[in-house]
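Below is one structure, written out as structure tokens; comments come after it.
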Amino acid sequence: MKIQQLHRWDVTYREAVSIQHGLKEKLVLHDEDFPEQITTIAGADISYSTQSDLFFAAVVLLAYPAMEIIEETCVTQRASFPYIPGLLSFREGPAVLEAFEKLQSVPDVVIFDGQGIAHPRGMGLASHMGLFLDVPSIGCAKKRLVGVHGKVGHVVGDYADLLLDDHVVGAAVRTKNRVKPVFISPGHKIGTRRALDVVLSCCRGYRLPEPVRQAHMTVNRKRLKGVSLDDFMTKQKTGFE
DNA sequence: GCGACAG
DNA sequence: ATCTTGTCGC
């Protein structure tokens, strides 16, 4: 699929923060643009190499609600931005977008392994990517970045609103009985309630919803397979020859 | 100064 | 995120 808009990725901490403030104004946080019926859903994830600064990014497209894999893409890149809480998209964004460019079809909605608007500046990875891809997106993080929430019941489906400055920016959701909840927040072109329903309808007995779980398995599969070095070297050569 | 801090 | 051994529970 094609990327709608872009900005430079070789930025300083200061510039990155400024960019996030500007992008926040463009987010659509309601369901009006969300399709009545969705047929496909995608998940994206990253896997880092230990002995090098290379890492993998994969996108897996699944049929909805069957959760059967339709297509998957994977790319490898060299990390060019450090990991800084709140600026994750500047580290993983470039690779994630490259993986989406290789995807043939356009998913109805995408789930990312990170925050959506439950972010210091309302621009988490899921929101940033959803905006650039111009597609509905949802943030599904395994840990909290910002906000507060009450107790979460321990049955699948139970949840507690995630509050940031008296505003609901997402929810802590139980996706598997007795297992630590995940943090769901709207990315782009979707509201909290709908985001929550979509994620829960994608869970199949594991803590992570299928799209993200499959993407996670794909990147790890590729990394352990050691294809990293070969792929990267090939890409370097073709750039000169 | 101290604690918090997506992946 | 990644590394890493055993261990508790269904």
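Each chain gets a letter, A, B and so on, in the order its sequence line appears, and its residues count up from 1.
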* To do: Please state whether the rings of A:Phe132 and A:His128 are parallel, tilted or perpendicular, taking 30° and 60° as the class boundaries.
  => perpendicular
* Asked: Parallel, tilted or perpendicular for A:Trp9 and A:Phe90, by the 30°/60° rule?
  -> perpendicular
Phosphate-side-chain proximity, [X] and [N], N/O vs OP1/OP2 below 4.0 Å:
{"X": "A:Arg223", "N": "C:dC3", "value": "yes"}
{"X": "A:Arg144", "N": "B:dC5", "value": "yes"}
{"X": "A:Lys142", "N": "C:dA1", "value": "yes"}
{"X": "A:Ser47", "N": "C:dT2", "value": "yes"}
{"X": "A:Thr50", "N": "C:dC3", "value": "yes"}

Gap between atoms [atom1] and [atom2], on [X] and [N] respectively (whole Å):
{"X": "A:Tyr48", "N": "B:dA6", "atom1": "OH", "atom2": "P", "answer": "12 Å"}
{"X": "A:Leu224", "N": "C:dA1", "atom1": "CG", "atom2": "P", "answer": "14 Å"}
{"X": "A:Met217", "N": "C:dA1", "atom1": "CE", "atom2": "P", "answer": "15 Å"}
{"X": "A:Glu92", "N": "C:dA1", "atom1": "CD", "atom2": "P", "answer": "9 Å"}
{"X": "A:Leu88", "N": "B:dG7", "atom1": "CG", "atom2": "C1'", "answer": "5 Å"}
{"X": "A:Arg178", "N": "C:dG9", "atom1": "CZ", "atom2": "P", "answer": "11 Å"}
{"X": "A:Gln51", "N": "C:dT2", "atom1": "CD", "atom2": "P", "answer": "13 Å"}
{"X": "A:His128", "N": "B:dA6", "atom1": "NE2", "atom2": "P", "answer": "19 Å"}

* Structure fact -> Testing C:dT2, B:dA4, B:dA6 for proximity to the side chain of A:Tyr83, the answer is B:dA6
* Would you indicate which nucleotide in B:dG7, C:dA1, B:dA6 comes nearest to any side-chain atom of A:Pro85? => B:dA6
* Pick base, sugar-phosphate or nothing for A:Gly139, based on heavy-atom distances below 4.0 Å to the nucleic acid. => nothing
* Base, sugar-phosphate alone, or nothing: which one does A:Leu125 contact when heavy atoms must sit under 4.0 Å apart? -> base
* To do: Would you mind telling me which of A:Gln77, A:Arg221, A:Arg223 makes a side chain to side chain contact (heavy atoms under 4.5 Å, CB included) with A:Phe56?
  => A:Arg223
* **Centroid-centroid distance, A:His149 to A:Tyr159, less than 6.0 Å** => no
* Electrostatic pair A:Lys222:A:Glu72 at N-O distance under 4.0 angstrom -> no
* **Near-parallel close stack of A:Phe183 and B:dA6 base (under 5.5 Å, under 30°)** => no
